[in-house]
Amino acid sequence: MQIEKYKLEAINGDQLVAHQQRLDVLASSVDNIEAILQKLIDFQIAIPSWALGTGGTRFGRFAGGGEPRSLEEKIEDVGLLHSLNASSGAISLHIPWDIPQNPKVIKTLAAQHGLSFDAVNSNTFQDQPDQQHSYKFGSLQHVDKRVRQQAIDHNIEVIKHGIELGSDSLTVWLSDGSAFPGQLNFRKAFQNILESLQEVYAALPHHWKMYVEYKAFEPNFYSMSVGDWGQSLIYANKLGNKAYTLVDLGHHLPNANIEQIVSLLLMEGKLGGFHFNDSKYGDDDLTVGSIKPYQLFLIFNELIEGMDARGMNHATDLGWMIDASHNIKDPLEDMLQSVEAIKIAYAQALLVDTKVLETARNNNDVVEAQEILQNAFRTDVRPLVAEARLRAGAALHPLRVYRQLKVRENLIGERGLKAIATGL
Ligand code: LRH
Ligand code: MN
């Protein structure tokens, strides 16, 4: 399904006057509004190919209907999101869930929707039907060299798919670890993974990046072999300049200070990118900003401070990706809300006057420092985010257009209620 431009402009038309009034009010208190608008327009977030259908838990899965049945339909759905918010200009594939049978055709179709291919993701956390060796006891950490080689070969195959599609980064998330004390020699597991990743690293084209994604627990619940930012950083440092850490917001122990982790990884020049989502307990993969919007703002505050300190380009120098799973929400509505939450947090953080904040810090004026941050966080920047969309030819209110044009009903009409998407 495609969104006809005239229909989108007609719906925008009804909201323009109210929008302009809200924007004028906000503009009266924001100095560098044009610079902020351009940064918002340039800021694109990659949509995960594995989160366009209804996810599930071990207790149940409640399909919502109209789910994409192929990679082509997944690209159409991301194209639809992008036409609504002009902020979802890339898709991140997971192999083998989304193997491009004909890369040229897939690349052309994506380009027609204004999409590029972000990081490709390998999968050595599931056994495929035709697989020779099982990953039951791990993949790159495995005590058996043949299992490690199988996993290395898979990652190199994933790089090949990425090259054909014009991607320039590989994300490696390992479910490797142990379920019980005594099961694993931690040092040998680390060495096996490092040696294996070095073989994968050697297969990277010169301009590619490798993201090493860490996770504190699940599916292993005693130890994970890339269990936290420190372990991921050791791997990235030992592997070389193309290797970076990847921060999935849901992969931390309760109450971890993620904004401090982000600040230090940036300082080390080893922060590669993000998997945005939100969570209350574990790796809940909930809508971004739905549980801890202040934490998301604080993370963007550290990102801007750290990226500006290194002269980095906000839009292109880090991997901005969503990684979520939808048990009860419409996957596309969830994505629209997630992208909106990320843009709002970024816009609020761009309002922080870092010079005044530094002065307060140098005066140990803790109260003033908090006031500066919370003034920005308590500023309703939604007119700014909407204006950036409008200038990029998209919807003032994407979710409203999505519902007004009955997109899900149309997709169910096209694909049926029983259509099941590959992914989580
Ligand atoms: C692991 C993870 C990883 C993906 C998977 C779909 O929890 O975050 O990034 O491979 O989800
Ligand atoms: Mn992830």
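By convention here, the first residue in the shown sequence is residue 1. Just the heavy atoms: all of them, side chains too, but no hydrogens, waters or symmetry mates, feed the values below. Order of listing sets the numbers, starting from 1, for every ligand and every atom in it.
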- Query: Using a distance-only test with no angle check, is there a side-chain donor-acceptor pair under 3.5 angstrom linking Glu305 and Ser263?
  - Reply: no
- Item | Check: Asp176/Asn220 side-chain N/O donor and acceptor closer than 3.5 Å | no
Between the protein and ligand 1, are there any N or O atom pairs that come within less than 3.5 Å of each other, and if so, what are their names and distances?
| unit_1 | atom_1 | unit_2 | atom_2 | d |
| --- | --- | --- | --- | --- |
| ligand 1 | 7 (O) | Lys215 | NZ | 2.9 |
| ligand 1 | 7 (O) | His251 | NE2 | 3.1 |
| ligand 1 | 7 (O) | Asp283 | OD2 | 3.0 |
| ligand 1 | 8 (O) | Glu213 | OE2 | 3.2 |
| ligand 1 | 8 (O) | Asp248 | OD2 | 3.0 |
| ligand 1 | 8 (O) | His251 | NE2 | 3.1 |
| ligand 1 | 8 (O) | Asp323 | OD2 | 2.6 |
| ligand 1 | 9 (O) | Glu213 | OE1 | 2.6 |
| ligand 1 | 9 (O) | Glu213 | OE2 | 2.8 |
| ligand 1 | 9 (O) | His275 | ND1 | 3.2 |
| ligand 1 | 9 (O) | Asp323 | OD2 | 3.1 |
| ligand 1 | 10 (O) | His94 | NE2 | 2.7 |
| ligand 1 | 11 (O) | Asp323 | OD2 | 3.2 |

Measure centre to centre between the rings of [X] and [Y], then say whether the value is under 6.0 Å.
X	Y	answer
Phe276	Phe300	yes
Tyr235	Phe190	yes
His314	Tyr346	yes

- Message: For Ile75, is there any backbone N or O sitting under 3.5 Å from a side-chain donor or acceptor partner on His113?
- Response: no
- Message: How long is the straight-line distance from NE2 of His275 back to OH of Tyr211, given to the nearest 0.5 Å?
- Response: 9.0 Å
Under 3.5 Å, which donor-acceptor pairs link side chains of residues 124-131 to any protein atom two or more places apart or in another chain?
| unit_1 | atom_1 | unit_2 | atom_2 | d |
| --- | --- | --- | --- | --- |
| Thr124 | OG1 | Ser139 | OG | 3.0 |
| Gln126 | OE1 | Trp97 | NE1 | 3.1 |
| Gln126 | OE1 | Asn123 | ND2 | 2.9 |
| Asp127 | OD1 | Gln131 | NE2 | 3.0 |
| Asp127 | OD1 | Tyr135 | N | 2.8 |
| Asp127 | OD2 | Ser134 | OG | 2.5 |
| Gln131 | OE1 | Gln128 | N | 2.8 |
| Gln131 | NE2 | His133 | O | 2.8 |

- Item | Residue and atom, protein N/O/S, under 2.8 Å of the Mn ion (ligand 2) | Glu213 OE2, Asp248 OD2, His275 ND1, Asp323 OD2
- Which pairs, with at least one residue in residues 374-424 and sequence neighbours excluded, count as a ring-ring contact (aromatic ring centres under 6.0 Å, His included)? Tyr294-Phe377, Phe297-Phe377
